[in-house]
Structures are given as structure tokens and as C-alpha cells.
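Remarks on the structure that follows.
A note on names: the letters A, B, ... follow the listed sequences, proteins ahead of strands, and every chain is numbered from 1. No hydrogens, no waters, no symmetry mates; every other heavy atom, side chains included, goes into these values.
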Amino acid sequence: MLVLMNVEMVLEDLGCTAISAAGSVAEGLSLLAQQSFDAAILDVNLGEQKSYPVADKLTERGIRFVFSTGNGNHGDRSDLDDRPMLKKPYLTEDLITVFEQLIADMPMPTAA
Amino acid sequence: MADVTAKSDVQKEGEARVDAFRQDLGPFVVAAEKTRMPMVFADEEPGHPIIFANDAFLALTGYEREEVLAKSFQSLLAEGVDAETMPIVDAAFRGECENDPEVHYKRKDGSEFWAKMFVSPVCEEDGTVVQQFVSFVDQTKHQQDNAQCKMLIDELNHRVKNTLATVQSIVTQALRHPAEPAAIRQAIESRLMALSQSHDLLTSGNWEGAGLHDLVDTALHPFKVVAGHAERFTIVGDNVHLSPRTTLSLAIAFHELATNAVKYGAFSNDAGTIRIDWTVVEEESGNRVLIHWLERDGPKVTQPKGKGFGSWVLERGIAHELGGKVTLEYLTDGVACTIDIPISAKLAE
């Protein structure tokens, strides 16, 4: 919980607006169904659950994301090993760098 | 009479020979039959047909004796091991294996065991191998212990990393706003103590969770004892079982509420009281616990100027981490906080 607090504050300082957080896979999927996102940070372990269904949905939607974990590997989902990963605890500077990259890599919005 | 005596001599001689045989070989045969080390003898022929299997081998593999006798050792083994194991076993039979193979074997009934396999050739005087003697040491318990140990180390590492990240957040947040170093140190230390106490509580319950009553007692313990406020707390509710995650988050929430009460609220004067009560609400979508924190007879409450660590924990943290609903009201008569979170059904023991 307090780790999330730090992430939120750092992102706010970066100028991010409309930061949403979810504590479970169900909530994460429900948020994705309701809103659009520029980038996401995803804890691998959510209590008893793993966040992979949310990762798959983010991939499907083309939303860039970074994993965050205290473990450092994806176990049975080695196909996700190429995703950026922040190993807890991580430097605030690294969090900022990763998010700047995620945003910079975003596809440009197509002109209406 | 003479005939009987003569016959008896022959008989005696015969019995003596059998006795001698028994004395020479008997104990070894019995030992091989009855030892708890699984053993088989196989002929040195293609496929290595089994000519002897002891009770321990049958117990280990789950086969009947008639199912294994005369059957090829290799084909019996191949039924229960991975494809990559067989070449290693074949090499062991040729005496070309540097280390004794460890086999992961599926029994007839599908259950599994691990065993170290020792292959020793039985030779004639000229060195010709006539039989293979194979014995096993069951490594299943050892393997399970290793796996359990590895899992615990991984889990410990995971918790340590998460805890360090939490400490990082506590420190970062305390330094976010300008304050006296002493005040910053005090804020960090008291939160670290609260975190440490909730870890103690979870450890005493084998990290399977904690009871809500125990959690409230633990979280408020420093405030009750150190400040002598015990009689001004009223705590009413069952020892509802909470998950480790809920326990950790709620512990911080109660710590922040109590800290605020000591600094500005009901415990900042001599008369204020705090009532904490909760009820379990059963719903089709799952049970919830509804917790009320109500301060009375403290100084007149004024709305805080900014949102600090405590209000973030309560208003956003609990909601996000636990999928809960929290209302925090600075009523003139005293702070009122309602925490509504999902819980699993069972009661703490």
C-alpha cells in the first residue's frame, strides 16, 4: 500500500493527472474497461493473485506498462520476460526514467 | 532299531548341510528380503530381466512381485521416468556413469517418488558380468524438504524486498514536506514500529493472517500503554479473521488514526475517548467488515489544512489496496472514520 503511495506521488510530481490504482485483477480489468490509459505500472503479485490477466489486456489494448516485483522473474510466464521490470525496492530516478520511456514510446495519436 | 539309527545318521548329515547353508547364506537372503533398502538383481542380458526383487522395492514402486519378476528392469523403469533419465540409467548399467543417477519415478498408481539408484555389477572370477545388483535410497523427503526450503527462501526474499520498498516509501513521504529533523525521525520511527508490530502479529499466526481484535490491540498498544489511555479506549467486536495483506494495511490505518488522535484529537486532552467497533456484514458477493472509529470529548475539531500521510492511507490506500470504502470526517465533536472492507468468512481462532 505504501509503495503505491510513493508511486502515485512520484507520478503526480512528474505531472501525470488522473492516476488510478487497482488492488486486484478484477479491479484492474474493470478499470481498463472503463477508462483509457497512457501507461501502467503492474505489481506481479497481488496477494494471492498474479496480475498476468491485466498484463495481457494491456498488451491487447496496446498500452505500455512496466512490471514491479519483489521477486524478479515471471515463473511460468517467461514470454513476458522482455517487458521492463522494476525490482523492489527501486530508485525513484529509475521509476521516472521508465515512465518517461513508456510515454515517449507511445504511438502518436492519429489526427481526426 | 539299527535301521532307524542308520537312517537317523543320514538325516543328521542332511540337516547339518542345510544348516550350514542357512548359516552361510540364510541371514543374507533374509536380510536382502527384509532390509528397508529397496533392492533388485537383474540378469546381464538384453533388457536386464529381474530375477530378484525385495519387499522394500515392491513397497517403493507399488508393484506385486509377480509383476516385476522376469520383466526387463529397463522397461519397468521406463514406464515411470522421463525420457532423458533412461540414457543415464543405461550408462550406469554399462559402468559408465560417474555419479549415481537420481530417478524421479511415477508409481503404478501415479504417485511420485525420488530415489538415488546404485548399480553394482556382479562378476564371475574372470570378470564377466553375470548380474546387476541395483539398490535405491528414497530421496522423496529430501527433495520435498529442498523444495520447501527453496520456496521459503523465495518467499522470504519477496517479503524483504516489499518491506524495504515500504520503508523507502515511509522515509520518502516523511521527507516530502519541510519539518524539523526530530519530527521527521519521530514520524519515521513510529511508522516503522507499527510495521514491525504487525509483522510480529502475522508471524505469531504463521503469516496466515490475524484477528481484527488482536490487530486493533497491537496497533493501539503503544498509545494505550505509553500514554496511559487504556480506560479511554472502547473496543467492541469479534476477532474476525483478516488476510496478511489486510492486516498490514489496516495496521497502518489504525496507527495513523491513533497518531492523529494523540496529536490533535481525543487523546490530545485529558477527557477525550475513542470507541472502535465493527460488525460483519454478510452479502452475496462476499462478507465485509464495517469498522467505526469515533472520537468524543476531545478539543473542538478543525478541518486539517493539507492532506498528509494519514489521510492518504485512509482515503486512497485502503480503498486501492483492499478494495474498501473509507469515509473520514472531521466532525466538530470528534473525528469519525468508517472503514468498509471485504473479508474472508472465517473467524480467527
Checking heavy atoms, do the side chain of B/Arg316, its backbone, both or neither come under 4.5 Å from chain A? side chain
More than 12 foreign heavy atoms under 6.0 Å from CD of B/Glu180: is that the case here? no
Nearest 0.5 Å, please: how far is OG in A/Ser24 from CG in B/Leu322? 10.5 Å
Smallest heavy-atom separation, B/Arg245 atom then A/Leu46 atom, equals NH1-C, 3.7 Å
Enter the distance from B/Gln173:CD to A/Met9:CE here, rounded to the nearest 0.5 Å. 4.5 Å
Interchain contact, B/Arg159 with chain A, by part (heavy-atom threshold 4.5 Å): neither
I want to check something: taking the side chain as every heavy atom from C-beta on, are A/Lys88 and B/Val160 in contact at a cut-off of under 4.5 Å? no
Check whether B/Ile252 gets within reach of chain A through its side chain, its backbone, both or neither, counting any heavy atom under 4.5 Å. side chain
Criterion side chain to side chain contact (heavy atoms under 4.5 Å, CB included) against A/Leu2, the qualifying member of B/Ile170, B/Leu195, B/Val167: B/Ile170
Report, as yes or no, whether the 6.0 Å neighbourhood of atom OH on B/Tyr264 holds more than 12 heavy atoms from other residues, nucleotides or ligands. no
Taking all atoms of both residues into account, what is the closest heavy-atom pair of A/Gly70 and B/Lys161, and its distance? O-CG, 3.3 Å
Does atom CD (B/Glu282) have a neighbourhood of more than 12 heavy atoms from anything else shown, all under 6.0 Å? no
Measuring heavy-atom distances to chain B, does A/Ala21 have an atom under 4.5 Å in its side chain, in its backbone, in both, or in neither? both
Proximal component of B/Asp154, with respect to chain A [non-hydrogen, under 4.5 Å]: backbone
First locate atom OG1 of B/Thr246, then atom CE of A/Met1, and finally report the distance between them rounded to the nearest 0.5 Å. 10.5 Å
Do A/Asn6 and B/Gln168 pair up side chain to side chain, a donor and an acceptor below 3.5 Å, judged on atom types alone? no
Using non-hydrogen atoms only, which part of B/Ile318 is less than 4.5 Å away from chain A: side chain, backbone, both, or neither? both
